[in-house]
Structure formats: C-alpha cells, structure tokens
**Student:** 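Mind having a look at this structure? Questions to follow.
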Amino acid sequence: MMKFIGIIPARFASTRFPGKPLAVLGNRPVIQHVYEKAIQALGEAYVATDDVRIFDAVESFGGKAVMTREDHKSGTDRVEEACQKIGTDADVIINIQGDEPFIATSQIETLQELFNHPQTQIGTLGKRFESIEAVKNPNSPKIVTDRQGFALYFSRSPIPFVRGKEREEWLSHFPYLKHLGIYAYRREILHEITQLPQSSLELAESLEQLRWLENGYRIRVGITDVETVGIDTPEDLQRAEEFLKHL
C-alpha cells in the first residue's frame, strides 16, 4: 500500500488578492476549507506557508502547518521544503492549491489511482472543455496525452490545430482537455524536479510542468468531470460564496 500525504502551499502575499488564504468563506477561512477536504480524502495533510498569520490560523482550527521560506518561486518548491521539514515517509506527495476550497474527494482519489501505473512519476488532472471560447482562453492551459494518458504537451494555445475545419467547429472534432493545477509526485521525483533549472519551453509558455516534460519526466493525466472553483480575486470570493450556498 502506498502512503499519500497532502501538502497545501499557502502564501499571504498575492498581487491580486493579498491574504486570500485567510479570506472568510462561509464563516471559515478559505485555507480551512482546503485543509478539511485534504484531511477527508488523505487522512494526513499540512499547510506550508511563509506567513505566521496563516500558520497561527491553521493551528487555531486544529490543523497542522509548517513554516517555509519566503523566496520560493513556485508552490512545488515550497512543497519540497515542507516535506524535508516534516520528514515525511510518504510515497506520494499531493500538492493541493491553497485557493481551491471546493476540491473534490473524487479528484484526489483520481490522482491517487494514477500511481497504480509503475511509470507514473507525476500525476495531474484534466477536464473536458465545454466551449470553444474556453479553449481559446490562454489562462486555461490545454493538455494533449498519449493513449496511456501520459502528457505529450501542455500549452496556452489551443492544441491540436484541427486542419480543414473552422475554429468554431474544433470542439466537435477533438476532445480538448483543460489542465487543472493540482499535482502529485513520487517523493524522490519531487526532490529531483525542484533541482532543475528553468527550461526554454517553460519560459516560453510560463508553465512550470513543461520543465519536467522537457527533462524527460512522465506526467500521467487523470480525467475528472468536476470543475474547480479557484479564488484569485475578491470577485472570485463572492462567486465562491454563491457557489457554497448552492452546494
């Protein structure tokens, strides 16, 4: 039996929404919603933060937190430092975004199942696009996979290009897949990928996962039909409140 642990990177500083992990959603801070979902699915989770206010908030609701450096360039790097400080013996680390209060247990379970395949080094999730307008959005990265579900490429551009068809028809000719930014890594792979320098593809598309692909790591993609509701702005928080009321 493989052992899994959830690590939730949570920074206080945010250009568009400073302090969003502590923003109140349904009478609880956003980070508490995320933590409770992680515990429900995995049994063990930590919040990895660089701010004592978040650390104290997590401990106040009975959660576990670990302080990490302020200068990390990505959540992946913060997760690796947290794993080192915790000294975890988990086989697989699941990186759960601290601004995803509605992450579903089914999504975490799908990630776990990916590691039944011995060649899976990194796991992530994809969801079918429902409109061509969403496919065109560069803020929604697209994934193409091989027949075993391993990622061939991620892009902000609509990929693949459907030759001979008007762009408005593309969705009826190919199942475009949206990337959801939740990852899982085998413990030793997490350590390795955080030692890699930025790659040319990563710099071109501003997508961290391309660094891993460019260095030969195998990323397997699980399919979910659950849409994530991330919180990046105060307006997103208002929408999340409405979403919570209808759950």
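Numbering starts at 1 and runs along the sequence shown.
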**Student:** Might you point out which heavy atoms bring A38 and I108 nearest each other, and give the distance in Å?
**Tutor:**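 Closest approach of A38 to I108: CA-CD1, 4.4 Å.
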**Student:** Would R53 pass as a cation-pi partner of F12, given that its NZ or CZ must be under 6.0 Å from the six-membered ring centre and within 45 degrees of the axis?
**Tutor:**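 The answer is yes; both the distance and angle limits are met.
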**Student:** Ion pair present between K37 and E100, side-chain N to carboxylate O less than 4.0 angstrom?
**Tutor:**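 No, no charged N to carboxylate O under 4.0 Å.
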**Student:** So if I apply the side-chain contact (heavy atoms from CB on, under 4.5 Å) rule between Y185 and each of V92, I193, T124, which one comes out positive?
**Tutor:**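 Single side-chain contact (heavy atoms from CB on, under 4.5 Å) partner of Y185 among V92, I193, T124: I193.
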**Student:** The test is side chain to side chain contact (heavy atoms under 4.5 Å, CB included); show your working for F154 and E205 and say whether it passes.
**Tutor:** CA-CA 9 Å; F154 297 79; E205 296 245 26; over 6 Å; no
**Student:** Can you tell me how the ring of Y176 sits relative to the ring of W170, calling it parallel under 30°, perpendicular over 60° and tilted otherwise?
**Tutor:**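 Ring orientation, 0 to 90° scale: parallel.
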**Student:** Do any N or O atoms from the side chain of Y217 and from the backbone of Q209 form a donor-acceptor pair under 3.5 angstrom?
**Tutor:**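 Here the side-chain-to-backbone pair does not exist.
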**Student:** Give a yes or no on whether the backbone of M67 and the side-chain of T49 come within a donor-acceptor separation of less than 3.5 Å.
**Tutor:**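 Side chain of T49 to backbone of M67, a donor-acceptor pair under 3.5 Å: no, none is there.
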**Student:** Does a sphere of radius 6.0 Å around CG in D71 hold more than 12 heavy atoms from other residues, nucleotides or ligands, not counting ones at 6.0 Å or beyond?
**Tutor:**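 It does: D71 CG has more than 12 such atoms within range.
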**Student:** Could you walk me through whether V58 and Y46 satisfy the side chain to side chain contact (heavy atoms under 4.5 Å, CB included) test, starting with their C-alpha distance in whole Å, then the side-chain angles of each, then the deciding distance to 0.1 Å, before giving a yes or no?
**Tutor:** CA-CA 9 Å; V58 173; Y46 284 80; over 6 Å; no
**Student:** For the pair K136 and E168, find out whether any cationic side-chain nitrogen is under 4.0 Å from an anionic carboxylate oxygen.
**Tutor:**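 Between E168 and K136 there is a salt bridge, with a charged N closer than 4.0 Å to a carboxylate O.
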**Student:** Can you tell me if K142 uses its side chain to pair, donor with acceptor, with the backbone of V135 under 3.5 Å?
**Tutor:**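 Checked: pair present.
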**Student:** Is there a side-chain contact between I7 and N95 in this structure, where contact means two heavy atoms from C-beta onward sitting under 4.5 Å apart?
**Tutor:**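 I7 vs N95: side chains apart.
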**Student:** Salt bridge between E192 and R187, side-chain N to carboxylate O under 4.0 Å?
**Tutor:**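 No.
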**Student:** Is there side-chain contact between W212 and I189, with heavy atoms separated by less than 4.5 Å?
**Tutor:**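 No, side chains not in contact.
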**Student:** Only pairs at least two apart or in different chains count here, so list each side-chain hydrogen bond (donor to acceptor under 3.5 Å, both in side chains) that has a residue in residues 233-245.
**Tutor:**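 Listed once each, the pairs are T233-E235, T233-D236, D236-R239, E242-K245.
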